[in-house]
Novice: 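One structure coming up, written as structure tokens, with questions to follow.
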Amino acid sequence: MSKDDRDDFSLFDAELGQLAQAQAVLGDPASSPEVLRNELSSLATGYRRLFREIQRLIKVSDRKEEELNRLNRELAALSAKLEHQATHDALTGVLNKGAITRYLIEQVGGEGYGLILFDIDRFKLVNDRYGHPAGDAILRGVAERILGGLQDGMTFGRFGGEEFAIVLPSQALDRLCVEADRLREVIAAEPFFSDCGFIPVTISLGVALAAPGEPFSAVYSRTDAALYRAKQGGRNRVEAAA
């Protein structure tokens with residue numbers, strides 16, 4: 001308890017002490033009528049002071065409760081901000097690799113799921129030709145366009161560099177390939193705008209269907225191999241894992 005809090009309650013205790021003394025006098029049968037009248041008057045005055053003191057303490061308590069609620073709101077907002085920073089990519093705003101990996105391991109659990117890995121074709125050339133600010137603009141634009149093209153149940157994140165991942169509910173492999181090709185077309189449909197003008201962008205994608213209970217590392221390895229084949233096969237295409 002702070003010094004101010006102790007001072008608040010010491011005033012309250014003093015008032016109670018005076019009232020107790022007055023009540024003791026009133027209870028003494030040897031007290032004269034004049035003394036009793038004086039003590040009754042003192043007792044009434046003391047009760048009024050005590051009532052005012054109680055009202056003051058209630059107001060103090062309300063202010064402290066408001067302050068505590070404000071601090072709790074600020075703490076909750078800070079906690080949410082830190083949680084978002086820990087789970088989201090700072091550049092694009094989508095989930096980061098750690099968050100999407102934990103989602104696969106903890107939330108998907110033993111259920112089967114589809115995984116799409118893609119990266120931006122010849123992204124190094126974009127950085128070399130137009131500069132890193134243009135490259136960052138492309139990364140943000142690709143993430144935004146993919147987010148706009150996601151369907152219900154899909155989870156999207158950036159694995160780092162120009163590589164991204166999409167998790168889908170378990171379904172037939174050919175259906176996963178159709179979804180991947182749809183997203184490929186979303187990116188290739190029109191160029192992206194940057195300070196250097198419009199830049200055409202394509203992506204290559206690898207797709208795999210995870211078997212129930214298959215370790216994420218094994219699913220990722222198969223999907224990454226399919227992505228490599230897509231890039232080796234000419235880029236701007238989809239390849240399915242064996």
Novice: Answer whether the closest heavy-atom distance between the side chains of L115 and V167 falls below 4.5 Å.
Specialist: yes

Novice: So do the side chains of R52 and R56 get within less than 4.5 Å of each other, counting heavy atoms only?
Specialist: no

Novice: Considering only heavy atoms from C-beta outward, does the side chain of L176 approach that of L173 to under 4.5 Å?
Specialist: yes

Novice: Indicate yes or no: at least one non-hydrogen side-chain atom of L71 is less than 4.5 angstrom from one of L75.
Specialist: no

Novice: Would you say L205 ends up clustered with V94 if hydrophobic residues are merged whenever their side chains have heavy atoms under 4.5 Å apart, either directly or through other cluster members?
Specialist: yes

Novice: Please answer: with hydrophobic residues joined when any side-chain heavy atoms are less than 4.5 Å apart, are V178 and L150 in the same cluster?
Specialist: no

Novice: Could you tell me which non-hydrogen atom of L139 sits nearest to which non-hydrogen atom of G161, and how far apart they are?
Specialist: CD2-O, 3.7 Å

Novice: Evaluate the criterion side-chain contact (heavy atoms from CB on, under 4.5 Å) for residue pair E239 and L227; output intermediate values, then yes/no.
Specialist: CA-CA 6 Å; E239 285 287 342; L227 171 58; over 6 Å; no

Novice: May I ask you to decide whether E74 forms a salt bridge with R70, counting only side-chain N to carboxylate O separations under 4.0 Å?
Specialist: yes

Novice: So, taking the atom named CD in E163 and the one named CG in D224, what distance separates them when rounded to the nearest 0.5 Å?
Specialist: 6.0 Å

Novice: Is there a side-chain contact between D181 and R184 in this structure, where contact means two heavy atoms from C-beta onward sitting under 4.5 Å apart?
Specialist: yes

Novice: Crowded around R129 CZ? As in, over 12 foreign heavy atoms under 6.0 Å?
Specialist: no

Novice: When the ring centroid of Y220 is compared with that of F159, is the distance short of 6.0 Å?
Specialist: yes

Novice: I need the minimum non-hydrogen distance between I187 and R145, along with the two atoms involved.
Specialist: O-NH1, 3.1 Å

Novice: Counting only heavy atoms not in E144, do more than 12 sit closer than 6.0 Å to its CD atom?
Specialist: no

Novice: What's the shortest heavy-atom distance between A137 and S194, and which atoms?
Specialist: CB-CB, 4.3 Å

Novice: Starting at OG1 of T101, measure out to CG of N96 and round the result to the nearest 0.5 Å.
Specialist: 8.5 Å

Novice: Can you tell if the side chain of R140 reaches within under 4.5 Å of the side chain of L91, non-hydrogen atoms only?
Specialist: yes

Novice: So, are K59 and D62 salt-bridged, with charged N and O less than 4.0 Å apart?
Specialist: no

Novice: Starting at CG of N236, measure out to CD of E185 and round the result to the nearest 0.5 Å.
Specialist: 9.0 Å

Novice: In terms of hydrophobic clusters joined by side-chain contacts under 4.5 Å, are I199 and F118 together?
Specialist: yes

Novice: Calculate, to the nearest 0.5 Å, the distance between atoms CD1 and CG belonging to I166 and L95 respectively.
Specialist: 12.0 Å

Novice: Give me the other members of the hydrophobic cluster that L68 sits in, counting Ile, Leu, Val, Met, Phe, Trp and Tyr linked by side-chain heavy atoms under 4.5 Å, directly or via other members.
Specialist: none

Novice: Closest approach of T223 and V207, non-hydrogen atoms and distance?
Specialist: CG2-N, 4.0 Å

Novice: Does the plane of the ring in F156 sit parallel, tilted or perpendicular to the ring in F164? Use 30° and 60° as the thresholds.
Specialist: parallel

Novice: Determine whether more than 12 heavy atoms belonging to other residues, nucleotides or ligands lie under 6.0 Å from atom CG of D195.
Specialist: no

Novice: Measure across C177 and A240 and return the closest heavy-atom pair with its distance rounded to 0.1 Å.
Specialist: SG-CB, 3.7 Å

Novice: What about Y130 and V142, same hydrophobic cluster or not, with Ile/Leu/Val/Met/Phe/Trp/Tyr joined at side-chain heavy-atom distances under 4.5 Å?
Specialist: yes

Novice: Going through the checks in order, is the side-chain contact (heavy atoms from CB on, under 4.5 Å) test met by V126 and I120?
Specialist: CA-CA 10 Å; V126 173; I120 301 171; 5.6 Å; no

Novice: Might you point out which heavy atoms bring K231 and D119 nearest each other, and give the distance in Å?
Specialist: NZ-OD1, 2.8 Å

Novice: Rounded to the nearest 0.5 Å, what separates atom CG in D89 from atom NZ in K97?
Specialist: 13.0 Å

Novice: Between E179 and R182, does any NZ, NE, NH1 or NH2 come within less than 4.0 Å of an OD or OE carboxylate oxygen?
Specialist: yes

Novice: Supply the atom-to-atom distance L117 CG to S204 OG, rounded to the nearest 0.5 angstrom.
Specialist: 12.0 Å

Novice: Quick one: does R222's side chain have a donor or acceptor within less than 3.5 Å of a partner on L209's backbone?
Specialist: yes

Novice: Taking M154 as the starting point, is it possible to reach V238 by hopping between hydrophobic residues whose side chains are less than 4.5 Å apart?
Specialist: yes

